[in-house]
Amino acid sequence: MVISVTREIVRICSLSSALVWLVLLMFSGPGLLWAAPEPQEAGVVPNPGADLWREVRQRTPADTTAGPTEPRDMNVWRELRQRETFGPSAGVTQARGVDSGVLINPFGDQWRQFRMERLLPYGGYLLGGMLLFVILFYLIRGRVPIHAGASDKKLFRYTVFERTVHWFLASLVLFLGITGLILLFGRSFLLPLIGPEAFSVLASASKEGHNLFGPLFALALLLLFVRFVRRNIYQRGDLTWLLKGGGIIGKKHVPSNFFNMGEKSMFWMLVFVGGAIAASGLILLFPVFGQGREWMAISHVAHGIGAVLLLTVIIGHIYIGSIGMEGALEGMTSGYCDLNWAREHHDWWAQRCEERGEVITKSDSSAAKESIPAHEPGLESGEVAK
Amino acid sequence: MIGEFIDGPFWYFALGVFLLGVAWRIFSILRAGIAVDFSVPTGSGAVGAIRAIFSRFVPRRPVRTGGKLQLVAGYMFHLGLFALLFFAQPHVDFIAERITGAGWPALPHWGFILASEIAFAGLILLWLHRLLHPVTRLLSSADDYLGTGLVFLVMLTGCLALAQSFEPLRLIHLFLAELLLIYFPFSNLMHAFTFSISRGYTGATMARKGVNA
């Protein structure tokens with residue numbers, strides 16, 4: 001009963017998070033409009049600083065009025081854009097600090113343009129496209145069933161520690177994903193809806209929450225890496241699995257190991273892209289190690305692109321791990337998976353378990369009888385779990 | 001209007017319920033008394049009680065080897081929360097202003113953030129372990145989840161209000177903290193006070209019997 005309740009909760013969480021994504025992406029349309037070069041539209045909060053900067057930026061030499069002031073304007077403008085050539089042209093100041101001699105940094109405008117004209121629209125397209133794809137896929141393909149039906153036999157798949165690490169990371173990804181999307185797309189779609197007062201509260205809360213939980217994401221990644229790396233090293237048969245579409249496309253069965261090629265690739269994406277997100281986030285979060293604005297801008301770009309890519313893949317992961325496939329979630333909630341499910345999706349691993357006599361009946365896997373395996377699930381018995 | 005209520009009457013009500021509730025629970029335990037032991041004591045009960053109260057902060061070997069996650073996460077959460085609760089600058093200011101009238105040195109901002117990170121990591125890991133381990137799942141009651149949930153929400157809203165720039169965020173945090181104060185005396189959270197009574201009783205009884213407990 002507890003398992004079914006847990007499953008229900010996870011399902012509700014998955015659906016509600018999907019709903020949040022849907023709402024977020026539905027409103028990415030106004031985000032695209034906002035990202036257009038003419039930002040002065042209804043619902044946009046006046047921003048005197050941005051207006052001033054826009055005014056200064058538009059004063060190119062060609063626009064300056066003719067007459068005796070022209071050379072001076074051009075010189076002033078050239079001086080202002082002193083960081084167009086890096087390094088020696090920085091100004092002199094008594095203030096000591098990174099970039100303290102820089103009045104206006106043109107690189108910052110490149111970053112702003114990238115964020116508004118590339119990251120926001122294309123990120124929205126990518127996330128929205130993935131969500132649409134998953135919905136269409138579900139409507140067309142339906143839930144992948146256990147063809148042989150659920151059996152009364154189970155295989156031990158994940159230890160308590162492994163499940164704890166997985167859900168620790170999952171909860172952080174959800175929280176950081178939602179707060180991050182509010183920070184990225186919120187001004188475009190939430191501000192016109194809830195007004196500046198409510199949005200400023202929400203944005204501040206999201207920023208503080210995002211900053212505080214960010215380092216925990218790095219910790220969770222590290223735990224995940226240490227615990228799961230041995231089972232995620234590519235091996236023979238993985239490429240075949242990939243070439244045959246993992247079996248989810250079409251009806252043909254594709255054999256695989258404890259983790260298939262898709263799961264392994266997801267793991268390595270988490271390690272590398274997630275690692276880049278964590279590293280760039282830490283650079284942004286602790287600007288006390290001499291990193292200048294260029295580093296901060298590059299980190300922000302890496303952070304944004306990485307997060308959008310990772311979230312796109314995670315939408316697929318959540319789908320296939322919950323409503324997309326019968327029996328997929330069970331292993332990560334109870335620790336045990338159905339034998340028939342294992343035979344249909346991880347049959348090389350299931351075969352090894354059966355040969356070793358590790359199949360147990362349903363009653364044995366009930367609460368308080370969880371066995372502690374002599375080896376990590378998915379590893380050979382000679383490889384003792386630490 | 002609601003803000004004034006949360007900041008004023010409801011705060012004093014919650015504090016009153018907390019203080020009276022905790023006093024009543026502790027008084028109930030002490031009033032229950034202990035059975036008279038007519039045997040000749042082989043050791044000092046008081047020494048045994050004090051030894052048990054402090055020595056049990058150090059986990060025994062079976063706990064160290066069999067429950068590393070709970071051990072590490074448990075220490076992370078409790079130490080982090082203690083540091084947050086009593087040494088975060090906003091809390092020190094609040095307690096000084098509302099209760100004690102005088103403050104004490106607070107953690108620097110980075111220490112505050114670090115304590116939050118540690119406390120959050122510990123709490124989430126413990127909560128997940130409770131949900132995912134078949135034995136702790138069976139042993140857990142609604143009270144455990146409610147207590148954990150409230151503590152988590154108070155911590156979360158506190159972290160969301162870190163900028164200290166928005167009154168609604170502070171009020172949400174304060175309101176949840178007040179709910180926690182009201183709930184506290186009637187829940188398992190009372191272990192924050194009763195752990196010393198429990199350990200002391202066990203330590204004293206065993207010391208009188210000459211058992212090294």
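A note on names: the letters A, B, ... follow the listed sequences, proteins ahead of strands, and every chain is numbered from 1.
The minimum heavy-atom distance between A:V160 and B:H133, with the atom names listed, is CG2-CD2, 3.6 Å.
For A:S204, the parts lying near chain B are the backbone and the side chain together; criterion is any non-hydrogen pair under 4.5 Å. Looking at A:S200, the atoms closer than 4.5 Å to chain B (heavy atoms on both sides) sit in the backbone and in the side chain alike. At a 4.5 Å heavy-atom cutoff, the contact between B:I113 and chain A is made by backbone and side-chain atoms alike.
Listed by first and then second residue, the salt bridge (charged side-chain N to carboxylate O under 4.0 Å, His left out) pairs involving residues 89-100 of chain B are B:D7-B:R98 (not counting sequence neighbours).
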Using residues 105-112 of chain B as the side-chain source, report each donor-acceptor pair under 3.5 Å to any protein atom, sequence neighbours left out, with the distance given to one decimal.
none

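Enclosure of atom CZ in B:F54 is not indicated, since only 12 or fewer non-hydrogen atoms of other residues, nucleotides or ligands lie within 6.0 angstrom. Open room surrounds OH on B:Y201; 12 or fewer heavy atoms of other groups in view lie less than 6.0 Å from it. Annotation: B:W11, atom CH2; neighbour count of heavy atoms from other residues, nucleotides and ligands within 6.0 Å is above 12. Within 6.0 Å of the CG atom in B:L30, the count of heavy atoms belonging to other residues, nucleotides or ligands exceeds 12.
Here the CZ-CG distance, from A:F161 to B:L69, works out to 6.0 Å after rounding to the nearest 0.5 Å. From B:I118, atom CD1 reaches atom CG of A:L219 across 10.5 Å, with rounding to the nearest 0.5 Å. We find the CG-CG distance between B:L160 and A:L202 to be 9.5 Å, quoted to the nearest 0.5 Å.
For residues 206-218 of chain A, a heavy-atom distance under 4.5 Å to chain B picks out A:E208, A:G209, A:N211, A:L212, A:F213, A:P215, A:L216, given by residue number. For residues 163-186 of chain B, the interface with chain A (any heavy-atom pair closer than 4.5 Å) comprises B:A163, B:F166, B:P168, B:L169, sorted by residue number.
For the pair B:L156 and A:F175, the minimum side-chain heavy-atom distance is below 4.5 Å.
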